[in-house]
J.: 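Sharing a structure, written as structure tokens. Questions coming.
The first residue in the sequence is number 1, and the count goes up from there.
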Amino acid sequence: MSEILQLLDATVRAAVAEDQAFSDLMPRLMHESQQAPPTVLTMGMTRLGEGIAAAPPNLGCWLAIIAGAWVENGAATFGVDEPVLRALLTVAETSAAFEEAWRSASGAPVPSPVDGAPSQEIVNTVSPHLPDPVGAMLSWFAMEKFALSANTMLSRSPRLRASVTDRDGKAALVGRLAEHCHQMGWVASLLRVLEDERLLVLDRATGRGWTVTIGGIGDNFQLHVLLGGVLLGRSYGMPGDPYPPEVIAWFTDTDAPDDPPIIESPWGLHDAHGERVYNEGAPADIPAVAGTRVLVLDPPPYRHTFKAGRKHPMLPGSLTLDGLHLPEDLTGWWPHIKPAAG
């Protein structure tokens with residue numbers, strides 16, 4: 001135990017100091033930690049987080065990769081999840097400036113952050129347009145590794161997801177870089193995943209409604225099924241055949257089969273303004289009325305089918321029923337609900 005933590009401390013110190021010893025220490029740490037129990041790995045997370053925050057991006061990104069691997073091997077995210085996300089957002093901002101500088105200075109395609117490598121030529125190209133061209137270049141080529149780690153942290157840490165502010169702004173910043181590094185697109189999607197968010201679900205036909213709390217739902221296909229899991233076939237819910245337990249599990253925390261079954265939803269979803277809530281979108285797209293996101297259940301406009309499975313395989317989803325509302329309870333809400341468009 002102490003040997004791993006001592007090796008971790010030496011690796012972090014080398015990264016922060018930009019010591020050449022890092023190139024030997026880092027692979028040693030990755031190798032020797034493979035057999036360490038999660039409890040030991042968890043003890044090193046705060047130190048890893050300190051290193052990620054202090055090291056330059058070309059070295060900090062390797063610490064982030066180690067952190068992601070340890071979390072996937074069972075370590076807790078506390079102490080490292082926030083530093084990884086902060087570093088990823090800083091790298092994204094710097095990388096966006098690098099891309100703009102490159103396009104201003106060169107007619108050539110932007111170097112691939114995945115397959116390319118730093119060079120003096122790149123520094124010379126962007127130097128007239130950036131105060132720190134070397135740092136910008138290093139951020140650009142660290143992007144993929146930070147994105148891989150951030151994907152793990154956002155998938156495994158409900159606390160981190162709940163802490164995200166300005167979701168749309170951060171997702172837009174990260175998402176604009178997805179054309180160069182597709183992992184940034186996954187991070188952008190995860191930044192918009194709501195955690196511990198309350199929805200008011202209304203049934204237009206009966207006037208009844210339900211309050212539910214959601215977390216970890218990656219897209220509205222998943223929302224359909226988890227809603228069905230608490231409402232379909234229930235005396236307090238909606239008519240219809242309940243989904244089998246294995247279907248609910250595929251959309252909660254269990255991998256779907258390699259040849260995913262086809263699932264059918266009995267509803268079309270609209271928001272309070274009457275606009276369609278698209279399945280490919282996310283619950284974050286549902287607008288709020290008086291501070292509460294409102295979802296309206298309508299008959300589907302066509303037979304509504306999709307493949308089983310979650311958008312983010314490492315991300316467990318949840319939807320809990322908090323309460324039933326009778327029509328007389330909702331008389332103050334329905335005047336704000338528009339008819340379904342079309």
J.: Should Leu295 and Ile337 be regarded as members of a common hydrophobic cluster, given that ILVMFWY residues are connected when their side-chain heavy atoms come within less than 4.5 Å of each other, either directly or indirectly?
T.: no
J.: Would Asp329 and Arg208 pass as an ion pair if we require N to O under 4.0 Å?
T.: no
J.: If you count heavy atoms of other groups shown closer than 6.0 angstrom to CD of Glu93, is the number above 12?
T.: no
J.: Enter the distance from Asp298:CG to His270:NE2 here, rounded to the nearest 0.5 Å.
T.: 5.5 Å
J.: Using a 3.5 Å distance criterion without hydrogens, assess whether the side chain of Thr94 forms a donor-acceptor pair with backbone atoms of Val91.
T.: no
J.: Test Leu41 against Ser33 for side-chain contact (heavy atoms from CB on, under 4.5 Å), laying out the working first.
T.: CA-CA 8 Å; Leu41 301 180; Ser33 64; 4.0 Å; yes
J.: If you define the side chain from C-beta out and look only at heavy atoms, does anything of Trp334 sit under 4.5 Å from Leu202?
T.: yes
J.: Do you know the tightest heavy-atom contact between Leu25 and Ala10?
T.: CD1-O, 3.6 Å
J.: Should Leu88 and Met184 count as side-chain neighbours, where that means a heavy-atom distance under 4.5 Å?
T.: yes
J.: If you count the non-hydrogen atoms of other residues, nucleotides and ligands that lie under 6.0 Å from OH in Tyr236, is the total more than 12?
T.: yes
J.: Ignoring hydrogens and angles, tell me if any N or O in the side chain of Ser95 forms a donor-acceptor pair with the backbone of Ala92 under 3.5 Å.
T.: no
J.: Any side-chain heavy atom of Asp19 within less than 4.5 Å of one from Arg13?
T.: no
J.: When rounded to the nearest 0.5 angstrom, what distance separates CZ in Phe22 from CG in Leu63?
T.: 4.5 Å
J.: Please give me the minimum heavy-atom distance between Pro38 and Asn73, naming the atom from each residue.
T.: CG-O, 3.6 Å
J.: Are the side chains of Phe78 and Arg159 in touch, meaning some heavy atoms are under 4.5 Å apart?
T.: yes
J.: Answer yes or no: are there more than 12 heavy-atom neighbours, outside Asp196 itself, under 6.0 Å from its atom CG?
T.: no
J.: Does Arg310 reach the main-chain N or O of Leu315 with its side chain, forming a donor-acceptor pair under 3.5 Å?
T.: yes
J.: If you look only at distance, which donor and acceptor atoms sit under 3.5 Å apart when one is on a side chain in residues 128-140 and the other is two or more places apart or in another chain?
T.:
from, atom 1, to, atom 2, distance (Å)
Asp132, OD1, Gly135, N, 3.0
Ser139, OG, Gly135, O, 3.2
Trp140, NE1, Pro111, O, 2.8

J.: Do the charged groups of Glu100 and Arg103 touch, with an N to O distance under 4.0 Å?
T.: no
J.: Measuring from Tyr243:OH to Leu227:CG, what's the distance to the nearest 0.5 Å?
T.: 9.5 Å
J.: Is a salt bridge present between Glu72 and Arg156, judged by a nitrogen-to-oxygen distance below 4.0 Å?
T.: no
J.: Using the rule given for salt bridge (charged side-chain N to carboxylate O under 4.0 Å, His left out), can you reason through Asp271 versus Lys338, listing the C-alpha separation, both sets of side-chain angles and the distance that settles it, and then say yes or no?
T.: CA-CA 8 Å; Asp271 64 26; Lys338 304 298 182 186; over 6 Å; no
J.: Spell out, as yes or no, whether a donor-acceptor pair under 3.5 Å connects the side chain of Gln183 to the backbone of Glu144.
T.: no
J.: Tell me if the CZ atom of Arg198 is crowded by more than 12 foreign heavy atoms within 6.0 Å.
T.: no
J.: Would you indicate whether the side-chain heavy atoms of Leu29 and Leu8 approach each other to under 4.5 Å?
T.: yes
J.: Say you draw a straight line from CZ of Arg293 to CG of Leu199; how long is it, rounded to the nearest 0.5 Å?
T.: 7.5 Å
J.: So, do Phe141 and Cys61 sit near enough that their side-chain heavy atoms are less than 4.5 Å apart?
T.: no
J.: Would you give the length of the straight line joining atom CE of Met26 to atom CD1 of Ile66, rounded to the nearest 0.5 angstrom?
T.: 6.5 Å
J.: Show, in sequence, the C-alpha distance, side-chain angles and deciding distance for Trp70 and Met30, and conclude whether the side-chain contact (heavy atoms from CB on, under 4.5 Å) test is met.
T.: CA-CA 9 Å; Trp70 287 9; Met30 294 183 74; over 6 Å; no
J.: Show every donor-acceptor pair shorter than 3.5 Å between a side-chain atom in residues 277-289 and any protein atom, with sequence neighbours excluded, or say none if there are none.
T.:
from, atom 1, to, atom 2, distance (Å)
Asn279, OD1, His224, NE2, 2.9
Asn279, ND2, His304, NE2, 2.3
Asp285, OD1, Arg192, NH1, 3.1
Asp285, OD1, Arg192, NH2, 2.8
Asp285, OD2, Ala282, N, 2.8

J.: Following the transitive rule for hydrophobic clusters with a side-chain heavy-atom cut-off under 4.5 Å over Ile, Leu, Val, Met, Phe, Trp and Tyr, establish whether Val193 and Leu173 coincide in one cluster.
T.: no
J.: Linking I/L/V/M/F/W/Y whenever any side-chain heavy atoms sit under 4.5 Å apart, do Val164 and Leu194 land together?
T.: no
J.: Are the side chain of Ser149 and the backbone of Ala64 linked by a donor-acceptor contact shorter than 3.5 Å?
T.: yes
J.: If you look at every heavy atom in Ala14 and Ala21, which pair is closest and at what distance?
T.: CB-C, 4.5 Å
J.: Please check if the number of heavy atoms outside Asp259 that lie under 6.0 Å from its CG is greater than 12.
T.: no
J.: Please tell me if the side chains of Ile248 and Pro245 come closer than 4.5 Å, counting only heavy atoms from C-beta onward.
T.: no
J.: Using the side-chain contact (heavy atoms from CB on, under 4.5 Å) rule, take Ile217 and Leu226 through it: C-alpha gap first, then chi angles, then the decisive distance, then the call.
T.: CA-CA 9 Å; Ile217 294 180; Leu226 296 188; 4.0 Å; yes
J.: Any sub-3.5 Å donor-acceptor pair from Thr42's side-chain atoms to Ala76's backbone N or O?
T.: yes
J.: Testing the basics here: between Pro57 and Ala142, what is the closest heavy-atom pair and its distance to 0.1 Å?
T.: O-CB, 3.4 Å
J.: Under the 3.5 angstrom rule, does the side chain of Trp102 hit a backbone N or O of Ala108 as a donor-acceptor pair?
T.: yes
J.: For the pair Asp9 and Arg47, find out whether any cationic side-chain nitrogen is under 4.0 Å from an anionic carboxylate oxygen.
T.: yes
J.: Would a hydrophobic clustering, with Ile, Leu, Val, Met, Phe, Trp and Tyr connected at side-chain separations under 4.5 Å, put Trp186 with Leu191?
T.: no
J.: Measuring from Asp203:CG to Met238:CE, what's the distance to the nearest 0.5 Å?
T.: 3.5 Å
J.: Can you see which heavy atom on Thr206 is nearest to which on Pro327, and at what distance?
T.: O-CG, 3.5 Å
J.: At their closest point, which heavy atom of Leu232 faces which heavy atom of Asp241, and how far apart are they?
T.: CD1-O, 3.6 Å
J.: Apply side-chain contact (heavy atoms from CB on, under 4.5 Å) to residues Met45 and Thr77 and explain how you reach the verdict.
T.: CA-CA 7 Å; Met45 284 309 206; Thr77 61; over 6 Å; no
J.: Hey, is CD on Glu328 packed in by over 12 heavy atoms from elsewhere, all under 6.0 Å?
T.: yes
J.: Does a side-chain heavy-atom distance below 4.5 Å link Trp267 with Val201?
T.: no
J.: Following the transitive rule for hydrophobic clusters with a side-chain heavy-atom cut-off under 4.5 Å over Ile, Leu, Val, Met, Phe, Trp and Tyr, establish whether Trp210 and Leu326 coincide in one cluster.
T.: yes
J.: Does any N or O in the side chain of Ser155 come within less than 3.5 Å of the main-chain N or O of Asn151, such that one atom is a donor and the other an acceptor?
T.: yes
